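In this text the structure is predicted, and so the values were computed from the model without any measurement.
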Amino acid sequence: MSLYDYLYYIILPILSVSILIIFVRFIKGPTLSDRVVALDLIITTGIGIIAVYSIHTNQPTFLDIAMILALIAFLGTVAFSYYLEKRERND
Amino acid sequence: MKTIIFKTASSYLLPLLLLFAIFILLRGHYLPGGGFVGGLIAAIAFVLHSFANGIERTRGIIKFHPGFLMPIGLSIALCSGLAPLLVGSPFMTGLWYHNPIPVIGMIGTALIFDIGVFLVVIGVVLTIIFTISETI
Amino acid sequence: MIKTKFLSNLLLSFIWVALTGTFTLEYFIFGFMLSYALMWIITTNRREDQYFKRGPKLVSFVFFFLYELVKANIQVAYDVITPRYYMKPGIIKIPLHAQTDLEITLLANLITLTPGTLSLDVSDDKKVLYVHAMYVRDKDEFIHSIKNGFEKRLLEILR
Amino acid sequence: MTEIIIIILSSLGALFILLAAIGVVRMPDLYLRISVTTKAATLGIGLILAAAAYYFNDLSITSRVMAIILFMLLTAPVGAHMLGRASYFTGVKMWKNSEHDDLKGKYHPKTHKLASEDEKK
Amino acid sequence: MELLLVVIIGLLYAAGIYMMLRRSLLKLIIGLILLGNGANMLIFLLGRIVKGKPPIIDASESILSGIYADPVPQALILTAIVISFGLQSFAIILIKRAYKVVKTDDLDEMNATDEDL
Amino acid sequence: MSNPYIILPVIFQLFTAILLMFFWTKKNSQKLISIICSLITLGISIWLITIVLLQGIHVTQAGGWEAPFGITFVADPLSTLMILLTSISGLAVSIFSTGSVRNARIKFGYFPIFHFLLMGLNGAFLAGDIFNLYVWFEIIIISSFVLITLGGEKAQLEGSIKYVTMNLLASVVFLTAIAILYGLTGSLNMADLSIRVANIENRGLVNVTAILFFVGFGIKSAVFPLHFWLPASYHTPPPAISAIFGGLLTKVGVYALLRVFTLIFIPDDFMTDVITWVAIMTILTGCLGALVQNNIRKIFSYLIVGHIGYMIAGLGMYTEAALVGTIFYLIHDIIVKTNLFMVTGVIFKLKGTYSMRNLGGFYKTYPKLSLLMAVPIFSLVGIPPLSGFWAKVFWIESGFITENYLLVFVLVFGSFLTLVTMAKLWAEVVWKDGDALPMKINVKYFWELKPIKRVAMIVPIVLLSMVSLYIGFGAEHIISISRLIGSQLIDTTPYIEAVLGPLNAEVI
Amino acid sequence: MLLSVLSGFILAASLPLIGKYLKEKWAILFSLLPLSLFIYFLSFQPDISDDKNLLFSYNWVPSIGVDFNFHLDGLSLLFTLLITGIGSLVFIYTAAYLKGHPYLDRFYGYLAMFMSSMLGLVLSDNIITLFIFWELTSISSFFLIGFNNDSEASRKSSLLALGVTGFGGLFLLAGMVVLGYVGGSYSILELMNATDLIQSHPLFVSILVLVFIGAFTKSAQFPFHFWLPGAMKAPTPVSTYLHSATMVKAGIYLLARFTPVLGAHEYWNSTLIIVGCITMVYAGIHAIFRLDLKGILAYSTISALGILVFLIGLGTDDALLAAAVFILVHALYKATLFLVTGIIDHETGTRDVSKLSGLNKVMLPVGIAAGLAALSNAGIPPSFGFVGKDLIYEATLHIGDWAYLLTGAAVITNICLLFAGFLAGFKPFLGKLPVTYENVHLPSPLLYVPPLILASLGILFGILPLLVDDSLIKPVVAAMLNTSSDFFHLQLWHGWSTVLLLSSITIGGGVGLYFILNPSEGLLTKATRFEPISPLSITGKITGLFHGISQGYTSVIQNGYLRYYVITILVFLSFLLGYKIFQGIDLYLNVATLSEITIYEVIVLGIMAVSIVYTVFTKSRLVAVASMGVIGYCICLVFLFYSAPDLAMTQFSIDTLTVILFVLVLYNLPKYLKLSDTGSRVRDGLLALIFGGLISLLTLEVLNEPLEREISAYYAETAYKLAKGKNVVNVILVDFRGSDTMVEIIVLAIAAIGVFSLLKLRLKSIEKE
Ligand code: NA
Ligand code: NA
């Protein structure tokens with residue numbers, strides 16, 4: 001088994017399955033915060049997938065997307081927290 | 001949100017992200033990126049900062065209304081498109097300065113155009129987000 | 001404060017060079033100018049401490065951190081994959097020696113980065129840090145471990 | 001040799017991520033989920049990115065990978081803190097077996113100011 | 001793989017339509033966004049998909065050779081995404097404002113302009 | 001013929017809009033800039049149509065990339081005519097706006113958006129690339145969204161939600177159509193598509209794509225049963241905005257239908273049947289709707305729908321003569337509808353209401369104004385030889401030639417309904433003795449305006465009335481232009497050759 | 001010639017300048033215009049009686065063959081003389097009748113417009129131009145009927161009149177266009193040479209129907225006659241001029257004019273005979289029951305128009321001759337009676353015939369005029385009316401199979417007309433003068449001289465028919481027959497004959513009726529019992545029903561519910577798509593072109609599918625927004641897997657920004673309510689699935705087709721060499737298709753301005769217009 005096959009047939013599926021598992025939490029909730037945690041983790045796992053994929057396809061450019069993803073994940077979490085706090089304060 | 005942790009982090013994140021945004025802008029012609037994504041990242045940087053410190057503080061940093069970036073960016077983009085008309089070429093024809101400039105690379109109307117895009121995007125995103133935040 | 005600014009400036013230029021991935025003088029100077037401009041844009045009054053003479057401590061701190069990271073990860077991993085829960089979670093108030101925003105933030109982040117603990121918030125008077133922890137066998141011992149571990153080492157570097 | 005290092009790094013990374021995934025499903029309350037996942041994932045991603053950096057073996061890519069890792073180390077805990085804190089005062093309950101709650105009653109219900117001591121009644 | 005994408009595209013269109021037919025303003029906007037996503041995916045798929053070969057010329061080369069992803073649909077989608085972003089932001093704010101002024105999220109109560117013959 | 005300057009109408013409007021943005025809160029400067037720049041644009045448009053009529057189709061390849069690789073802009077008689085009409089209406093509404101639009105709106109971007117809208121219209125007319133057409137459409141709809149909601153009144157918001165929803169739906173359908181078209185041909189240049197689509201063997205797919213385009217543009221041009229947004233919203237914004245909407249927005253949809261269904265898709269029998277039935281129902285729906293309205297702006301809104309039906313009918317017959325009729329009517333309709341909505345604005349400023357029941361007394365109090373109003377109203381009805389009349393000659397003849405008897409009947413019947421509606425409006429608004437209406441505090445009445453503002457509201461109405469009189473009495477000129485356009489819609493070779501260069505026989 | 005035709009318009013247009021000065025004292029000067037025109041047209045008389053056809057050509061819209069070619073022959077000469085002659089008198093009359101009226105200048109303006117339109121109508125050789133003038137007469141009539149615009153009845157009548165004549169006019173337009181198409185020309189002169197071609201064309205019947213509708217509505221033929229009595233709401237000069245002497249005769253003119261083109265065809269003749277016959281009898285009987293003088297005259301006018309249509313329908317030489325004479329006869333006496341009625345109304349303030357009598361004692365000259373007109377109307381020798389009536393009977397008696405029936409109808413009609421004429425001409429003047437009217441004075445000569453002139457002409461032509469025989473009538477008949485005609489001479493005395501007998505019966509019957517039947521409220525009430533089935537009320541009901549239907553239709557279609565709008569659009573689109581997909585495309589799947597499926601893609605797409613479903617069905621808004629985030633990220637991964645890093649980046653950023661926007665806004669929005677019931681959910685779900693399914697199916701089929709790569713190949717080739725960029729997508733965005741991007745950022749900027757103004761602009765209550 002070559003490195004590519006290993007990445008393709010072992011690592012990528014593991015990561016995908018991880019996303020699937022996390023997604024279960026996303027669906028289950030129960031609170032918005034749980035979903036935000038799940039979302040954040042999905043994106044983070046996405047970074048992993050991208051990194052592996054960039055090795056597999058020999059395309060380092062994909063790593064740049066990882067950078068943006070990291071930024072985005074953070075922003076999403078912040079926004080939801082911001083919302084939660086605002087909502088709570090005004091209720 | 002008055003959390004010390006976020007505030008402190010944001011004041012380090014802001015310059016970091018702005019650098020990153022310009023980096024993405026300049027490399028767009030060769031690799032993924034460009035004015036649009038660059039502008040978004042820059043805008044996100046300011047948005048994060050405003051989440052942490054309040055809009056007034058962020059406004060203080062930018063020093064003028066972010067909406068002002070839109071006409072400026074549009075003017076830059078328009079000028080880059082119009083420049084070729086002066087030499088009788090069609091609108092938006094790429095004009096290039098023939099010797100590559102160190103660091104930035106090739107300078108041409110396309111790059112100037114992308115800078116226009118970059119500024120417009122910042123102006124747009126900040127106008128939208130700031131306006132909403134202010135009227136909540 | 002000139003020195004501090006100069007340092008951050010250098011740091012940013014360095015990051016620029018790292019980002020572009022081209023370690024040449026021109027790139028460095030360009031990055032320097034760029035970050036100079038950006039710092040001018042973003043300057044608000046901010047206190048910063050001296051930055052030098054912390055090298056060795058920094059290295060040892062990094063290793064300490066990695067050790068904690070791996071250790072705690074394994075502990076948590078065990079709890080995650082085995083059916084039974086071994087944890088005794090709780091929110092613990094930890095009094096702070098750290099004073100500046102930077103110190104507090106770094107400390108809180110480091111605590112969060114190690115598995116099993118999560119810095120929830122800092123009181124507005126910056127005197128205490130509230131930490132959510134998974135394994136609080138003994139509250140005082142937990143507080144002690146944080147204060148003597150992360151906080152002490154961190155402050156040594158920063159001050 | 002390169003391949004083996006890459007395989008080890010990526011496998012470890014993937015395992016940590018898987019661990020975080022299982023954690024986020026299995027942990028009984030939100031704070032535990034945040035607690036478990038933020039770092040397991042950060043560590044896992046760090047490892048996989050390191051694998052990529054090792055694979056491409058190019059200075060610009062390595063520096064980029066370093067930047068990503070640095071960035072994640074900076075933002076992940078801040079995000080966790082924000083979410084945890086916001087959840088706390090939106091009333092997300094802790095697991096029933098939790099023992100201490102020093103935060104209880106410290107937030108001012110209106111202003112969200114956080115006190116360091118119990119308020120004197 | 002195309003088959004799955006086709007199904008997903010159909011699903012996006014269907015979901016978008018379904019959401020547009022609800023009475024809530026918010027669902028309406030969500031529906032429009034889903035539709036927009038569907039259209040973007042459609043452009044992408046119909047430009048034909050190629051795995052792992054972005055339309056970026058290698059540092060050492062001067063033309064894009066071999067099999068590569070069609071850059072045109074990508075450029076079109078980029079434009080479309082950005083434009084939809086503008087429109088969507090506006091629409092989102094519109095519902096916010098409409099809710100504030102009309103004081104309902106229920107579309108069925110927003111028919112004054114059609115009445116009064 | 002290659003000419004980089006043909007995009008001046010677009011560029012100059014863009015320049016105007018940007019300039020106006022720099023004068024964000026300075027209302028007087030904005031008004032001045034808007035009028036001056038509209039005048040210059042009118043000059044540019046006249047220049048453009050002149051050179052096109054004299055020298056033939058002009059094109060420019062943006063970026064210098066030869067078609068079909070870059071984006072082509074094409075100035076052919078149809079597009080330059082549309083630009084000219086846009087400039088005329090634009091100038092009129094610009095002047096009208098300086099008198100009628102309240103300062104609060106001007107300080108929140110009314111003029112920049114207005115010029116962005118005009119830019120979008122000009123861009124759409126010049127676009128020689130289907131995706132570029134899409135982006136221009138987006139400019140048009142986003143500016144119209146902003147304009148229709150500007151002020152944020154309850155009615156505006158309720159109306160705009162329908163407007164926005166259905167226009168966004170139209171965009172999605174349009175985009176879907178483009179996706180499929182690209183999937184079939186790999187090209188976006190409309191001239192190139194014309195050739196490529198003709199060479200596709202799977203005609204079924206081509207026809208289905210045509211349907212998507214039809215529905216996408218159909219929504220934008222407000223044909224039955226895709227028109228609902230129009231009567232729901234056009235009467236809600238300030239009159240100046242209604243004027244530019246009523247005059248131009250739906251016509252862009254008609255323009256697109258004309259372009260796409262002559263250049264890229266030649267309608268098959270099924271499609272012509274569909275178009276014909278749609279036209280029939282559109283005429284009936286619009287004209288019947290107008291008949292029962294009380295709000296004068298709603299009357300005109302419904303009539304827009306009905307008269308779009310006429311133009312679509314021309315497409316449904318698909319003869320050169322019918323298309324000539326459609327072009328002629330398009331010219332007339334843009335001018336007259338713009339004018340009528342401005343007239344409603346003046347009526348409102350005088351009386352403070354749009355309700356036909358409450359209005360009245362114009363004949364007595366404002367005889368000269370009544371006379372002025374008579375021009376657009378009776379032009380709309382098509383009292384011969386006013387501008388609305390001539391197109392019908394073409395349609396009726398084509399209708400009989402193509403044996404579309406029902407369509408002809410409905411056309412005639414629709415004209416009759418328009419006649420009745422307008423006569424009723426005339427009797428109610430102009431003839432009837434109006435009750436003394438209570439003064440509303442929120443209305444700045446006509447006599448409260450500064451004299452210059454009053455002039456600014458009347459001058460454009462006079463201007464457009466003169467144009468519509470010219471269209472009617474100078475029908476010869478208009479018909480010969482329409483003829484030229486009609487023939488180029490049927491024989492698209494000049495267009496294609498202007499874009500792609502001379503074709504060798506086997507390609508065609 | 002063009003100037004003379006358009007002079008009325010010029011006068012009307014100059015009113016805003018000169019009207020003010022003229023209307024005060026010099027109103028009489030307006031009549032100079034018709035008078036000089038009368039003289040001008042009279043000057044052509046010698047040429048016409050020499051069988052010359054005069055054609056005056058002016059260009060207008062040559063590209064479709066529409067011109068101002070004016071053709072003066074006998075028929076048009078007769079009409080121009082009537083128009084300008086009666087016009088002159090009416091103009092003079094008006095100066096006194098509406099003296100001091102604040103809008104007198106407008107009135108003259110409309111009258112002048114009308115006169116010009118009428119002249120244009122009768123002179124145009126071009127049928128489109130003819131139609132244009134035709135419509136202008138309707139419009140001027142609309143303004144004139146509604147001249148008393150304060151009165152609701154006036155407004156209603158004018159709307160009705162315009163409605164009916166406008167309706168007919170549009171059909172006429174269609175008829176003219178088709179006629180032009182079929183005959184290959186819009187010129188009547190040329191069409192006359194194409195008669196065979198036209199009459200054998202399959203569209204001939206359509207042409208007939210269309211032309212008839214036009215003519216019948218204008219000339220108030222049954223069942224379109226009902227607008228005319230209402231039109232009498234107009235001031236008397238209008239009734240005189242438009243609704244008795246000229247405009248209503250436009251339809252007659254049209255039929256006469258087209259007799260050489262469309263006539264002598266079975267359909268033509270029988271339709272006209274039937275319609276004319278019904279009209280003349282129906283309206284004649286109606287006239288008997290009226291009390292209002294104008295009402296009586298209106299119905300008798302309709303009846304007279306019926307006679308004319310009838311005669312043209314008969315189409316024989318005799319009949320056409322009779323028609324030609326009767327046009328003149330009727331114009332003379334009916335105008336007189338109307339003018340007289342106006343005087344009575346003006347002086348006594350009533351038009352109720354049952355209240356009027358003995359006016360001779362105070363206004364003898366008026367009474368003389370009325371009496372002379374009544375004589376001519378009754379066809380009592382030596383009036384010109386006698387000549388006319390004889391010719392009518394002459395025509396009906398020689399028609400063949402239906403001679404007795406038709407002659408009977410003509411007799412009945414004439415009796416009624418006679419009765420009506422007596423009622424209007426004699427009844428108010430004879431007998432005892434009621435006390436109330438003792439103070440009534442003889443009005444200004446400007447009022448009574450015009451009717452006196454007209455009435456005297458009616459007698460003069462009777463005594464000396466030669467005056468009009470060769471000079472006027474013969475060319476008219478020649479024009480209708482399109483040949484020169486020398487078969488007759490008009491004369492008062494034909495000797496003893498059946499015709500004379502019929503005349504006597506008519507006179508006797510009519511006079512008898514006059515003495516038996518006293519107009520009263522009772523009679524009128526009896527007559528109104530039939531009102532519910534009259535064409536007027538049927539039309540009223542149809543109009544009401546139609547209005548109701550329109551209202552219902554509009555409120556059903558435009559029901560205010562956005563989702564029904566969307567459903568309609570989608571059903572329409574799905575139907576068309578579905579029909580075309582299943583009918584026009586061979587559905588098949590080319591598996592060879594598809595790429596392999598991998599586990600991670602399945603997972604990503606699976607998650608996406610679940611998220612889509614979840615977004616749709618979740619009960620929490622925030623969860624929906626978060627799920628949309630997931631969908632967006634999955635799309636990014638798809639972009640990533642399939643080589644679109646730029647897309648992935650952008651989609652990521654945009655998606656997150658959208659989520660942020662939602663989150664910021666949601667905070668102000670209410671929670672989801674469950675608003676729709678299960679039924680509509682199922683319906684919507686089905687519709688959505690069908691639409692989605694169709695799109696999927698279509699996509700699959702398109703994927704079977706080969707994709708041309710010529711353009712992408714060009715980009716791949718030149719992106720670096722010519723455009724100096726290596727990221728081809730970015731090069732496309734900023735260079736190859738830079739214009740798109742330019743527009744795209746403008747869209748963004750506009751959206752931002754929109755958001756800004758939507759949120760920040762708060763109109764003060766004083767600015768809310
Ligand atoms: Na890019
Ligand atoms: Na063609």
**Asked** Using a cut-off of under 4.5 Å for heavy-atom pairs, which of G/Leu136, G/Thr129, G/Ile557 has the most such pairs with chain F?
**Response** G/Ile557
**Asked** Pick from G/Val182, G/Ile581, G/Asp586, G/Leu173: which one has the most heavy-atom pairs with chain F under 4.5 Å?
**Response** G/Leu173
**Item:** Max heavy-atom pair count under 4.5 Å with chain F, selected residue of G/Ile569, G/Ile585, G/Asn148
**Value:** G/Ile569
**Message:** Under a plain distance cut-off of 3.5 Å, with no hydrogens placed, do G/Asn59 and G/Asp67 share a side-chain donor-acceptor pair?
**Reply:** no
**Per-residue contact mode, G/Tyr564 against chain F (heavy atom under 4.5 angstrom)** = neither
**Item:** Atom of F/Phe224, atom of F/Val278 and distance for their closest heavy-atom approach
**Value:** O-CG1, 3.3 Å
**Request:** Answer with side chain, backbone, both or neither: which region of F/Val208 has an atom nearer than 4.5 Å to a non-hydrogen atom of chain G?
**Result:** both
**chain G contact via F/Thr185 - which portion, at a heavy-atom distance below 4.5 Å** = backbone
**Message:** Under a 3.5 Å cutoff, is there a donor and acceptor pairing between the side chains of F/Trp431 and G/Asp150?
**Reply:** no
**Asked** For chain G, which of F/Tyr405, F/Phe145, F/Phe400, F/Phe409 has the most heavy-atom pairs under 4.5 Å?
**Response** F/Phe400
**Selection from F/Ser415, F/Ala179, F/Gly474, F/Ala62 maximising heavy-atom pairs under 4.5 Å formed with chain G** = F/Ser415
**Request:** With a 4.5 angstrom heavy-atom cut-off, could you sort out which part of F/Leu14 is near chain G: side chain, backbone, both or neither?
**Result:** side chain
**Request:** Give, as side chain, backbone, both or neither, the part of F/Arg203 having an atom under 4.5 angstrom from any heavy atom of chain G.
**Result:** neither
**Message:** Is F/Trp390 close to chain G through its backbone or its side chain, or both, or neither, when contacts mean heavy atoms under 4.5 Å?
**Reply:** side chain
**Prompt:** Looking only at heavy atoms, what is the nearest atom pair of F/Pro112 and F/Ala17, with distance?
**Reply:** O-CB, 3.7 Å
**Fill in**
Under 4.5 Å to a heavy atom of chain F? For G/Met176 that would be neither
**Top contributor to chain F interface from G/Tyr715, G/Phe756, G/Tyr553 [non-hydrogen pairs under 4.5 Å]** = G/Tyr553
**Message:** Once you measure the plane-to-plane angle for G/Phe147 and G/Tyr103, does it fall in the parallel (<30°), tilted (30-60°) or perpendicular (>60°) bin?
**Reply:** perpendicular
**Message:** Quick check on F/Lys364 against chain G: is it the side chain, the backbone, both or neither that has a heavy atom closer than 4.5 Å?
**Reply:** both
**Request:** Sort F/Asp129 into side chain, backbone, both or neither according to what part of it lies under 4.5 angstrom from a heavy atom of chain G.
**Result:** side chain
**Asked** Between G/Phe68 and G/Phe133, how do the two ring planes meet: parallel, tilted or perpendicular, split at 30° and 60°?
**Response** tilted
**Asked** Which one, F/Leu291, F/Asn103, F/Ile139, F/Val146, leads in non-hydrogen pairs under 4.5 Å with chain G?
**Response** F/Ile139
**Asked** Measuring heavy-atom distances to chain G, does F/Ile383 have an atom under 4.5 Å in its side chain, in its backbone, in both, or in neither?
**Response** side chain
**Fill in**
Ranking G/Gly584, G/Gly166, G/Ser739 by heavy-atom pairs under 4.5 Å to chain F gives rank one to G/Ser739
**Asked** Relative to chain G, which segment of F/Val381 carries a heavy atom at a distance below 4.5 Å: side chain, backbone, both, or neither?
**Response** neither
**Request:** With a 4.5 angstrom heavy-atom cut-off, could you sort out which part of G/Phe142 is near chain F: side chain, backbone, both or neither?
**Result:** both
**Request:** Verify the neighbour count for atom NZ of F/Lys424: are there more than 12 heavy atoms of other residues, nucleotides or ligands below 6.0 Å?
**Result:** yes
**Message:** Any donor-acceptor pair under 3.5 Å linking the side-chain atoms of G/Ser63 with those of F/Glu476?
**Reply:** yes
**Request:** Sort G/Trp60 into side chain, backbone, both or neither according to what part of it lies under 4.5 angstrom from a heavy atom of chain F.
**Result:** both
**Asked** Which region of F/Val274, side chain (C-beta onward) or backbone (N, CA, C, O), has a non-hydrogen atom less than 4.5 Å from a non-hydrogen atom of chain G, or is it both or neither?
**Response** side chain
**Item:** G/Leu694 versus chain F, the contacting section by heavy-atom distance below 4.5 Å
**Value:** neither
**Request:** Could you tell me which portion of F/Ile219 (side chain, backbone, both or neither) has an atom closer than 4.5 angstrom to a non-hydrogen atom of chain G?
**Result:** side chain
**Message:** Quick check on G/Val66 against chain F: is it the side chain, the backbone, both or neither that has a heavy atom closer than 4.5 Å?
**Reply:** side chain
**Request:** Please check if atom CD in F/Glu201 has more than 12 non-hydrogen atoms from other residues, nucleotides or ligands closer than 6.0 Å.
**Result:** no
**Asked** Do F/Asp433 and G/Arg155 pass the salt bridge (charged side-chain N to carboxylate O under 4.0 Å, His left out) test, and can you show the C-alpha distance, the side-chain angles, and the key distance before you say yes or no?
**Response** CA-CA 11 Å; F/Asp433 250 349; G/Arg155 293 197 300 270; over 6 Å; no
**Contact class of G/Leu576 relative to chain F, heavy atoms under 4.5 angstrom** = both
**Prompt:** Relative to chain G, which segment of F/Phe73 carries a heavy atom at a distance below 4.5 Å: side chain, backbone, both, or neither?
**Reply:** side chain
**Asked** What residue, out of G/Ile732, G/Ile695, G/Ile64, has the most heavy-atom pairs lying under 4.5 Å from chain F?
**Response** G/Ile64
**Request:** Locate the shortest heavy-atom distance separating F/Tyr302 from F/Ala290; write the atom from each residue and the value.
**Result:** CB-N, 3.4 Å
**Complete:** If one checks every heavy atom of F/Thr176 against chain G at 4.5 Å, the contacting part turns out to be side chain
